[in-house]
Amino acid sequence: MMRYTITAALPYANGPVHIGHLAGVYIPADIYTRYLRLKGHDALFICGSDEHGVPITIKAQKEGITPQEVVDRYHTIIRDSFAEFGISFNIYSRTSSKIHHQTSSEFFEKLYQDQVFIEKESEQFYDSKANQFLADRYILGNCPKCGAENAYGDQCEACGSSLNATELINPRSAVTGHTPELKMTKHWYLPLDKYEPFLKQWILEDHKEWKTNVYGQCKSWLDSGLQPRAVSRDLDWGVPVPVDGANGKVLYVWFDAPIGYISATKELTPDWEKYWKNKDTKLIHFIGKDNIVFHCIVFPAMLKAEGSYILPTNVPANEFLNLEGDKISTSRNWAVWLHEYLRDFEGKQDVLRYVLTANAPETKDNDFTWKDFQDRNNNELLAILGNFVNRSMVLTHKYFDGKVPEPEPNAFVAFDKEIMDEFPIIKQKIETLIETFHFREALKEAMNMARLGNKYLAETEPWKVIKTDPDRVKNIMYIAMQITAGLSQVFEPFLPFAAAKIRKLLNFETVDWNLIGNCKALPIGHQIANPELLFTRIEDEHVVAQVEKLQSTKQQNLSNKFKANDSKPLISYDEFAKMDIRVGTIVAAEKVAKTKKLLKLTIDTGIDQRTVVSGIAEFFEPDKIIGQQVSILINLAPRELKGIESQGMILMTEDADGTLRFVQPTLQTKNGCEVK
RNA sequence: GCCGAGGUAGCUCAGCUGGUUAGAGCGCAUGAUUCAUAAUCAUGAGGUCGGCGGUUCAAUCCCGCCUCUCGGUACCA
């Protein structure tokens with residue numbers, strides 16, 4: 001028996017969870033854990049809500065409630081969704097819990113006492129009216145790049161630039177509107193660079209077996225050199241930094257969140273140390289690809305620094321799931337939310353589990369479509385698995401009053417043996433596949449067991465043989481029932497609800513991986529229950545409704561969500577008149593080498609032909625905009641971009657969905673005409 | 001741009017360290033069958049393995065260049 005600690009990424013408690021989360025992290029982790037338990041291993045499955053961090057405080061502020069109220073709401077929704085989908089956590093905890101605060105505090109203290117951290121002072125914005133330091137997201141100002149108002153301190157949403165708060169022009173606090181001042185503040189840094197040699201050895205040399213996407217990402221980070229990372233922030237929501245003079249400082253969320261795995265284990269069992277500190281325990285982190293660097297580099301560095309913990313054996317990160325061809329997006333509401341699915345498809349947890357496993361983004365991003373969902377339910381789950389179980393039960397009832405018939409041991413024919421011999425082979429394949437995190441393939445092999453069952457019945461034709469050789473049918477149905485019993489075991493990790501239902505129908509409650517394929521699980525004479533259908537057909541109207549729902553939320557989002565920005569302060573006519581805006585025509589366009597967004601345009605302004613560098617390359621093909629009339633600000637001070645002098649600025653507008661459009665006269669207009 | 005991961009039958013994906021006619025499921029076609037939720041079983045059609053070069057007796061698998069998708073990072077009036 002082996003011991004495993006299995007973690008699934010802590011979902012961030014600022015929204016519900018959707019099918020992308022389930023497909024990428026929780027279902028694979030659940031399959032893995034259920035499998036290990038079936039094999040008799042000691043496997044703890046740990047998860048919880050990640051409840052700290054700035055986005056939650058912002059959400060709370062927007063809604064006029066406390067951060068705790070925000071996380072309480074989503075923690076409940078998330079926890080219940082997982083429970084209903086049969087994600088078999090041993091514990092689903094949360095990082096706002098007392099035990100987590102305590103655990104992460106102690107963790108920090110240990111590193112602090114061992115003098116692992118670097119202490120560093122730097123200047124940060126401080127709001128003297130609110131008496132607090134401001135996180136980057138809490139500072140608004142004019143974007144230094146594009147001049148847009150209300151750029152955030154970390155990013156301008158108008159032009160997409162990532163910023164430093166100190167670059168903002170006219171910065172103001174999002175809390176009070178006050179102009180913040182720069183003030184020195186002290187923070188603690190984890191010197192990741194010091195652990196670089198260790199990490200290089202541990203990952204690049206000792207864990208070449210990790211998935212290529214994970215290994216590649218790590219190599220990329222390690223090769224480019226690691227930097228010390230701040231582990232604290234000036235914020236009042238989180239785990240307070242347990243050091244004198246650290247008032248108003250909390251642990252940075254990336255530091256406390258992974259410790260959540262440890263606190264949850266602690267909450268679960270007094271025996272927790274054996275799952276985290278015993279060298280024989282295998283620690284497996286299931287995550288999405290966005291989390292690779294934290295789980296492969298940062299958290300291991302923390303654990304290593306602490307000294308008494310084991311490091312992960314593997315970090316099987318998955319890619320992302322798309323939905324009907326588009327990226328899943330919480331803000332655009334382009335998602336299938338679990339709590340809504342549970343309401344719309346009551347009792348169909350396994351259908352989604354099946355589809356998401358069969359189409360899991362294991363090696364690359366994958367697409368979920370409702371059509372595929374319908375097809376897989378109707379043509380695979382129902383037609384192959386459900387149908388086999390049903391027909392073997394119906395036949396057993398018809399010929400043997402629902403009792404497992406007694407076979408004549410010497411009467412098994414070559415074909416019987418051939419079929420029976422297949423099952424241990426498939427079982428072995430599934431084991432290897434699950435143990436190497438190939439869940440998609442493993443599920444396919446499990447389905448092959450049901451296929452084999454169908455094939456067996458089709459070839460042996462008990463409904464014909466019964467007329468001529470009833471004894472032979474005893475052997476046939478004996479085997480068919482044993483196959484069914486095997487299915488009730490093999491699907492336990494993948495489709496726990498269906499597996500349990502098959503066992504209920506068989507009147508057979510034992511769960512044991514080793515029963516798969518031994519073809520004698522059900523005793524002779526065993527009475528089975530009446531047949532019931534495992535799966536029901538999903539009709540077109542159900543999936544059409546879902547697609548329409550998606551389309552309409554998408555439409556609504558577009559029209560509803562857009563809110564015109566507030567008017568800027570008044571200016572005089574003279575101020576306006578300073579801007580010399582002309583009608584021009586694009587006469588040449590080419591991509592600026594080594595950039596993604598920049599086009600080098602040559603504009604005929606009526607006065608001259610000049611070069612303008614414009615960040616529109618993601619929306620326009622150079623060839624297709626030649627001849628396009630534009631409005632151009634011609635007396636903007638030239639600026640050099642990527643070595644090219646840009647002499648002016650093309651006026652663009654951005655539609656609600658982010659698409660850029662030219663602002664041009666309604667009819668062809670002479671170049672050089674003024675816009676006024 | 002740089003780094004990483006992908007681009008294999010209509011669709012979704014397997015293909016270990018290069019080696020005979022490149023595989024599976026779904027879909028499609030044909031046939032068989034009726035115990036079963038018009039479910040099942042068999043057979044078959046379908047691919048210049050993103051493109052171009054190179055190494056090799058031999059490349060989907062190695063190398064170079066290009067191209068497209070996704071992620072990270074940089075840049076972005």
Side-chain angles (χ1 to χ4, degrees), chain A residues 143 145-148 156 158-162 211-224 288-290 292-293 317 319-320 322 327 355 358-369 371-372 375-376 378-399 433 438 440-441 443-445 447-448 450-451 453-466 473 476-477 480 531-537 591-599 601 612-618 632-633 636 639 641-642 646 648-652 660:
Chain A
C143 173
K145 307 276 172 63
C146 72
C156 170
C159 69
S161 313
S162 39
K211 290 177 65 167
T212 50
N213 56 341
V214 176
Y215 187 90
Q217 276 281 335
C218 292
K219 189 169 186 324
S220 166
W221 274 78
L222 290 170
D223 286 350
S224 59
K289 67 173 160 185
D290 51 332
I292 290 173
V293 61
E319 301 285 305
F320 288 152
N322 293 327
K327 278 184 224 186
V355 175
N359 194 24
E362 281 177 4
T363 52
K364 63 175 185 188
D365 290 359
N366 264 348
D367 196 26
F368 175 93
T369 65
K371 176 79 172 76
D372 182 59
D375 285 346
R376 287 193 188 271
N378 294 351
N379 304 333
E380 297 178 30
L381 274 183
L382 185 149
I384 313 277
L385 175 59
N387 186 38
F388 171 72
V389 172
N390 186 240
R391 61 201 299 217
S392 47
M393 291 205 49
V394 167
L395 288 168
T396 302
H397 272 280
K398 204 163 183 170
Y399 303 143
L433 288 166
H438 295 88
R440 204 168 44 197
E441 283 284 303
L443 177 62
K444 201 183 267 184
E445 288 297 338
M447 283 303 279
N448 280 341
R451 286 201 168 86
N454 279 318
K455 181 191 168 100
Y456 181 70
L457 289 182
E459 304 237 343
T460 54
E461 299 182 303
W463 50 90
K464 273 188 186 167
V465 178
I466 192 73
V473 176
I476 294 171
M477 291 319 297
E532 279 175 41
L533 298 180
L534 283 181
F535 304 101
T536 53
R537 175 162 285 276
K591 273 193 90 157
V592 178
K594 303 184 181 187
T595 68
K596 195 152 72 182
K597 298 189 177 176
L598 297 184
L599 284 188
L601 306 174
V612 174
V613 177
S614 189
I616 60 173
E618 287 180 308
I632 172 171
L633 180 62
L636 183 68
R639 179 163 169 180
L641 292 164
K642 284 282 160 192
S646 181
M649 178 167 142
I650 307 292
L651 269 49
M652 308 293 296
L660 291 182

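Computed over heavy atoms, backbone and side chain alike; hydrogens, waters and symmetry mates excluded. So that the names make sense, note that chain A is the first sequence line, chain B the second, and so on, each numbered from 1.
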Watson-Crick or G-U wobble mate for [N], both contacts under 3.5 Å:
N	value
B:A77	none
B:A24	B:U12
B:G64	B:C52
B:G31	B:C41
B:G71	B:C3
B:G19	B:C57

[atom1] atom, [N] versus [M]: distance in rounded Å?
N	M	atom1	value
B:U56	B:A45	C1'	35 Å
B:G46	B:G25	C1'	15 Å
B:U40	B:U8	P	28 Å

Has the side chain of A:N387 got a donor or acceptor that lies under 3.5 Å from a partner of the other kind on the base of B:A36?
-> yes
Is there a donor and acceptor pair closer than 3.5 Å between the side chain of A:K364 and the base of B:A5?
-> no
Measure [atom1]/[X] against [atom2]/[N] and give the value in whole Å, please.
X	N	atom1	atom2	answer
A:F320	B:G4	CZ	C1'	13 Å
A:K464	B:A36	NZ	P	15 Å
A:E461	B:U34	CD	P	7 Å
A:M447	B:U12	CE	C1'	15 Å
A:L385	B:C26	CG	C1'	16 Å
A:K211	B:G6	NZ	P	10 Å
A:Y456	B:A36	OH	P	19 Å
A:R451	B:G25	CZ	C1'	6 Å

Does [X] place a side-chain N or O at less than 4.0 Å from the phosphate oxygens OP1/OP2 of [N]?
X	N	value
A:R537	B:A39	yes
A:S646	B:C76	no
A:K455	B:A42	yes
A:T460	B:C35	no
A:R440	B:U12	no
A:K327	B:G71	yes
A:N379	B:G27	yes

Identify the heavy atoms of A:E362 and A:K211 that sit nearest to each other, and give their distance.
-> O-NZ, 2.9 Å
If you look at every heavy atom in A:P462 and A:L395, which pair is closest and at what distance?
->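 Shortest heavy-atom separation between A:P462 and A:L395 comes out as CG-CD1, 4.0 Å.
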Among A:D372, A:N378, A:N379, which one satisfies side chain to side chain donor-acceptor pair (under 3.5 Å) with A:R376?
->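 That would be A:D372.
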